[in-house]
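Contents: one structure, followed by commentary.
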Amino acid sequence: MALTQKEQQRYKRHLMLPQVDEAGQEKIKNSRVLIVGAGGLGSPVAMELCCAGVGTIGLVDFDVVDVSNLQRQLLYTENSVGKSKVQQAKERLKSMNSDIKVICIEDKLDKSNATEIFEKYDIIVDATDNFDVRYIISDTSVKLGKPHVYGAIYEFYGQVAVLGGDGPCLRCLNPEPPKQGEIVEAKDVGVFGAIPGVIGSLQACEVLKLIIGAGRTLKGRMIFIDMLNMTFDEVEIPKYPKCSCCGKGEK
Amino acid sequence: MMLNDLPYPDWHEGLTIQGVIEHMNYTWPKLVTKVNGQLVWPEDYGNVVLQENDDLKIHHLLAGG
Ligand SMILES: [Zn+2]
């Protein structure tokens, strides 16, 4: 679908970039992005993609807004407390850009519903807060050949990678999720306020680059940011030949 | 040998990545490690012998959101 005159005005600063241009903005408009998790990471991802004009944004979250979310979850206001995250998010996103479609999936993502939900989207953004769901996202993204934009945070630290599609997956980095009780739950860990904003914005940047095909994405790479000391590191992730998901399995 | 950009004082002949993880008491079960810029898969932590001038990075694989 071509851009309307109103859209040409709205996305003028995008159209000025040769890497985006009208063709790229049309791709953004016609794209469908699923965000799993509407919390600290999901907030900036959704807001950036909404402003950028992603035509359809799906949001998966079963939770309600807690007052302790307001310190970092940018989508919500004091009036959101106690209300459904995805419904509040939709309201906020529609007020920012009424042209886009926001689909609320008020459910817990699990093995039984992941394929059906993911099938309708081009790119999957991982903005969840636990390993179990992250491995489900990874496995399903590989199965359906869709890019999996990984973002994760802890205290002052964050990391971003583009997995899935035909590239390496989360199991290439580490074959299995941790066992129950091996890791403290996200709700019991501190997070510095601005950290999810940084990491979520990087995820949104990668999503948009994947849509328009610009530059070098983080496909097959993970970056690590220590925001306490403001240092950066990255690693190339080769496909693990024995990967039980995207490789040939254990021999 | 360097560990996360700092000199590692306890390097010795035959030291493996697993040896460093145990010596440093890293209890986080999901790590991402690289030696001289190359990713090392978890199954190789016990096999990769570190040389005196190696550059080892150990990151925690995070899941919070
Ligand atoms: Zn894999």
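Convention: sequence-line order gives letters A, B, ...; per-chain numbering from 1. Only a predicted model underlies this, so the values are computations on that prediction, with no experimental measurement involved.
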* Is any residue of residues 57-65 of chain B within less than 4.5 Å of chain A by heavy atoms, and which ones? -> B/K57, B/H59, B/H60, B/L61, B/L62, B/A63, B/G64, B/G65

* To do: Step through the shown structure and confirm whether more than 12 heavy atoms of other residues, nucleotides or ligands are within 6.0 Å of CD on A/Q71.
  => yes

* Asked: In terms of heavy-atom proximity below 4.5 Å to chain B, should A/E182 be classed as side chain, backbone, both, or neither?
  -> both

* Around atom CZ of A/F192, are there more than 12 heavy atoms of other residues, nucleotides or ligands at under 6.0 Å? -> no

* Structure fact -> Cut-off 4.5 Å, heavy atoms of chain A, and the answer for B/K34 is side chain

* To do: Check B/W41 against A/P238 and note the closest heavy-atom contact, atom names and distance.
  => CZ2-O, 3.7 Å

* **A/F224 versus chain B, the contacting section by heavy-atom distance below 4.5 Å** => side chain

* Could you look at A/E234 and say if it's the side chain, the backbone, both or neither that has a heavy atom under 4.5 Å from chain B? => backbone

* Looking at A/K242 and B/E43, what are the two nearest heavy atoms and their distance? -> NZ-OE2, 3.0 Å

* Identify which part of A/I199 has an atom lying under 4.5 Å from any heavy atom of chain B, answering side chain, backbone, both or neither. => neither

* Under a 4.5 Å heavy-atom cutoff, which of A/P178, A/G40, A/G200 has the most pairs with chain B? -> A/P178

* More than 12 heavy atoms of other residues, nucleotides or ligands under 6.0 Å from NZ of A/K239: is that the case? -> yes

* Atom group of A/Y157 that falls short of 4.5 Å from chain B, counting heavy atoms -> both

* What distance do B/L31 atom CG and A/L173 atom CG have between them, rounded to the nearest 0.5 Å? -> 11.0 Å

